[in-house]
Number of protein chains: 2
Amino acid sequence: MIQADKFMEDKGVRPTAMRLLVFRFLAESKTAKTLSDIENAFAKADRTTLYRTLKTFEDKAIVHQIDDGTGMTKYALCEEGCNCAIEQDLHLHFHCNNCKETVCLTAHKIPHINLPDGYVAEDANLVLKGICDKCSGQ
Amino acid sequence: MIQADKFMEDKGVRPTAMRLLVFRFLAESKTAKTLSDIENAFAKADRTTLYRTLKTFEDKAIVHQIDDGTGMTKYALCEEGCNCAIEQDLHLHFHCNNCKETVCLTAHKIPHINLPDGYVAEDANLVLKGICDKCSGQ
DNA sequence: ACAATAAATGCACTTCTGTTGCATGATTCC
DNA sequence: GGAATCATGCAACAGAAGTGCATTTATTGT
């Protein structure tokens, strides 16, 4: 992992203490996290600050939002080379019905779909649900 | 369209006045509707009643929920032969960024995805976003 | 270094959707 | 007709998302 503060400055985000903590928390997470997850991870954190921190991160293509159908938006770090900034990085997400965690499957892109005449796709969201590798005992 | 009340009785749902209205409203809709949409369509309707009506419809496989990423769950009638009751009917949904409407593309099934070892898919949700046929002027 | 400016943070509050409890009204069954 | 069951409506709550504003912290220019 590169230096977090240098990385953030390169992205045009001031590396404050809180932001570095959030960044590192997400970096160490293997799964996508909700705002509440992050809030609970730091006892003294204010929800609004975290909310705006994540929004800033999103604007600067440091994290991307994930809507896995649980009703709570989750956040995950963009991978090296994730081009969320320019266009949507159309990898799919997997939500485990057992451990309730959601992971990015960055290697798996959403396949192209032939739409009826007149429909123009600009974005896509594919969420698979089932049992993840850890829960399937493999 | 078959008789709505007979259809509902076959499904095991008592065809009350409100339910028939909701059913007909959804039947006449080309797009998926939110609870608020339905609420606004009938001035004197109570939100709770509509909420439970939709829940009942869902249990009896008359409608299915759609999560198009807008944050509001939408509802659409199940098609003839839609097997939501037995298993998920994995058709995809299209959300228009222009008119904000969401439609079922029942003819388009979600393609099979090869997952990494240990992952077992049980369900899937694919939402494409862009411009619909009406808004693209075709 | 110091003032002026800009950015980040924290608190309070609002809004909106989804949801449940409970009392009342309508329907079915015997 | 009366009991039981189901549907409805009102009120209230929960949780997440979002906004406004004041305060603190950092940056800039001189």
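For the numbers below, each heavy atom of this structure counts, side chains included, while hydrogens, waters and symmetry mates do not. Remember, it's a predicted structure, so these values are computed and weren't measured experimentally. In the text below, chain A, chain B and the rest are named by the order of the sequence lines, each starting its count at 1.
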Quiz item: Which is it for A/Lys74 and A/Glu101 under the salt bridge (Lys or Arg N to Asp or Glu O under 4.0 Å) test, yes or no, and what are the steps along the way?
Solution: CA-CA 10 Å; A/Lys74 297 186 178 173; A/Glu101 298 285 350; 5.8 Å; no
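For the pair B/Arg47 and B/Lys44, both in contact range of DNA chain D, the more 5′-proximal nearest nucleotide belongs to B/Lys44. Nearest-nucleotide positions on DNA chain C for A/Thr53 and B/Arg14 put A/Thr53 closer to the 5' end. The 5' end of DNA chain D is approached more closely, in terms of each residue's nearest nucleotide, by B/Asp46 than by the other of A/Ser36 and B/Asp46. Each of B/Tyr75 and A/Ala45 was assigned the nucleotide of DNA chain C with the nearest heavy atom; the assignment lying further toward the 5' end belongs to A/Ala45.
Between B/Tyr119 and A/Phe94, the angle of the ring planes goes over 60°, which puts this pair in the perpendicular group of the 30/60° scheme. Classified by interplanar angle (parallel below 30°, tilted 30° to 60°, perpendicular above 60°), the ring pair B/Phe23/B/Phe57 is perpendicular.
Between B/Thr49 and D/dA7 there is no side-chain polar atom (N or O) within less than 4.0 angstrom of OP1 or OP2. Considering only side-chain N and O atoms, A/Thr73 lies nowhere under 4.0 angstrom from the phosphate OP1 or OP2 of D/dA16. Distances shown here put a side-chain N or O of A/Tyr51 below 4.0 Å from the OP1 or OP2 atom of D/dG18.
A/Glu39 places its CD atom 9 Å from the P atom of D/dA16, with the value rounded to the nearest Å. Rounding to whole angstrom units, CG of residue A/Asp37 and C1' of D/dA16 are separated by 13 Å.
No donor-acceptor pair under 3.5 Å is formed between the side chain of B/Lys109 and the backbone N or O of B/His91. Formation of a donor-acceptor pair under 3.5 Å by the A/Arg19 side chain with backbone atoms of A/Arg14 is found in this model. Looking at B/Asp37, its side chain does come within 3.5 Å of a backbone N or O of B/Thr34 through a donor-acceptor pair.
For A/Lys129, the salt bridge (charged side-chain N to carboxylate O under 4.0 Å, His left out) test picks out no residue, with sequence neighbours left out.
Heavy atoms of A/Arg52 sit under 4.0 angstrom from at least one base atom.
Of the candidate nucleotides D/dA7, D/dA17, D/dA26, D/dA7 has the atom nearest to the side chain of B/Thr16.
Running 5' to 3' along DNA chain C, contacts with non-hydrogen atoms of chain A at under 4.0 Å begin and end at C/dA7 to C/dA12.
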